[in-house]
Chemist: 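I'd like to ask you about the structure that follows.
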Amino acid sequence: QWHASGFYLTNLDAYRKSITSYDFIQMAVKVIPKPGTVLPTSPVVRFSIYGWQKDGGDNTSNEVNIGNYIVGGGSLDSIYKIVRIPISALEKVEGFKAYTMEIFTFDGSGAETPSYSIYVDDVYAVDETPNDVSSYKTLSNNSFRLVTKERYDINAVSDLSQYSLQSASD
């Protein structure tokens, strides 16, 4: 019996990692018709995540239509489109939470033999939530220590254009 194809994350750093602190899964997606077939006007590609749930909950996320999350709109075709799927769209109220990731599944038309191939590239978990400073300490007249709510990217921290100072009394 035919089943959805997927990326198995078994030997990757992302295997069984939580993505609950991220806002989106972003990827580039395109579809190519199989030989002797024609690409539908609006090809459907559904995406879901399978992951072991530590609380014994549902192991499979909501299944979403990737076409609804194309950046800038449009439909899938033979040119890569950027897709941004909110983590909240994948989580279930009573069930799957994005605690662990084991398999990203991609399902074509729903037909037993899909008429097109799905190509996926550059998959990222994206965090757009600003990193709040929970406390700070002055170390000298030209340096201070910030304690932040979340981990940070050392390259982003080094870019001073990312920062501004505000005073409630000025």
Side-chain angles (χ1 to χ4, degrees), residues 3-34 39-55 57-110 114-133 148-164:
H3 60 84
S5 58
F7 288 164
Y8 288 74
L9 306 173
T10 310
N11 293 318
L12 301 174
D13 290 339
Y15 182 68
R16 288 200 171 167
K17 299 287 183 182
S18 173
I19 56 172
T20 56
S21 65
Y22 292 91
D23 300 310
F24 299 93
I25 291 181
Q26 178 174 304
M27 62 188 89
V29 181
K30 71 178 179 179
V31 291
I32 303 293
K34 291 187 175 180
L39 195 62
T41 306
S42 295
V44 173
V45 175
R46 292 183 297 275
F47 172 76
S48 63
I49 298 174
Y50 174 86
W52 177 79
Q53 299 297 296
K54 62 184 176 185
D55 60 3
D58 192 347
N59 291 334
T60 305
S61 74
N62 284 324
E63 187 176 70
V64 298
N65 181 347
I66 284 179
N68 295 336
Y69 300 99
I70 297 171
V71 174
S75 63
L76 294 172
D77 57 26
S78 61
I79 298 171
Y80 276 110
K81 302 284 174 66
I82 300 299
V83 173
R84 297 186 88 183
I85 302 169
I87 301 300
S88 60
L90 297 165
E91 292 189 326
K92 294 179 179 177
V93 175
E94 301 273 335
F96 181 87
K97 301 294 180 214
Y99 297 129
T100 66
M101 301 181 301
E102 293 184 23
I103 307 169
F104 286 170
T105 60
F106 298 88
D107 186 8
S109 64
S115 64
Y116 47 88
S117 298
I118 305 163
Y119 291 80
V120 179
D121 201 359
D122 293 330
V123 180
Y124 294 96
V126 178
D127 181 4
E128 289 189 336
T129 306
N131 196 354
D132 295 332
V133 175
T148 58
K149 184 178 103 181
E150 298 177 7
R151 296 174 69 185
Y152 56 85
D153 174 2
I154 193 65
N155 295 321
V157 169
S158 301
D159 180 4
L160 297 180
S161 68
Q162 303 275 343
Y163 303 96
S164 65

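In what follows, every heavy atom counts, from backbone to side chain, and hydrogens, waters and symmetry copies are set aside. Every value quoted in this text rests on a predicted model; they were computed, and no experiment measured them.
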Chemist: Scan for salt bridge (Lys or Arg N to Asp or Glu O under 4.0 Å) pairs involving residues 63-79, sequence neighbours excluded, and state none if there are none.
Modeler: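 Checked against salt bridge (Lys or Arg N to Asp or Glu O under 4.0 Å) - neighbours excluded - the pairs reaching residues 63-79 are Arg46-Glu63, Asp77-Lys81.
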
Chemist: Using every non-hydrogen atom in the two residues, find where Pro33 and Leu39 come nearest and quote the distance to one decimal.
Modeler: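 Taking Pro33 first and Leu39 second, the nearest heavy atoms are CB-N, 3.8 Å.
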
Chemist: Drop me the distance from Ile118's CD1 to Leu76's CG, to the nearest 0.5 angstrom.
Modeler: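 Output value for this atom pair is 9.0 Å.
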
Chemist: Tell me whether Tyr116 contacts the main-chain N or O of Val44 through its side chain, where contact means a donor paired with an acceptor under 3.5 Å.
Modeler: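 Here the side-chain-to-backbone pair exists.
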
Chemist: Only counting residues at least two apart or in another chain, list the ones meeting salt bridge (Lys or Arg N to Asp or Glu O under 4.0 Å) with Lys30.
Modeler: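 Scan of Lys30 (salt bridge (Lys or Arg N to Asp or Glu O under 4.0 Å), adjacent residues dropped) gives none.
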
Chemist: If you round to the nearest 0.5 Å, how far is CG of Asp23 from CD1 of Ile85?
Modeler: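 Result: 14.0 Å between the selected atoms.
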
Chemist: So Phe47 and Val83, side-chain contact (heavy atoms from CB on, under 4.5 Å) or not? Walk me through it.
Modeler: CA-CA 11 Å; Phe47 172 76; Val83 173; over 6 Å; no

Chemist: What donor-acceptor contacts under 3.5 angstrom involve side-chain atoms of residues 64-75, with partners at least two apart or in another chain?
Modeler:
| unit_1 | atom_1 | unit_2 | atom_2 | d |
| --- | --- | --- | --- | --- |
| Asn65 | OD1 | Gly67 | N | 2.9 |

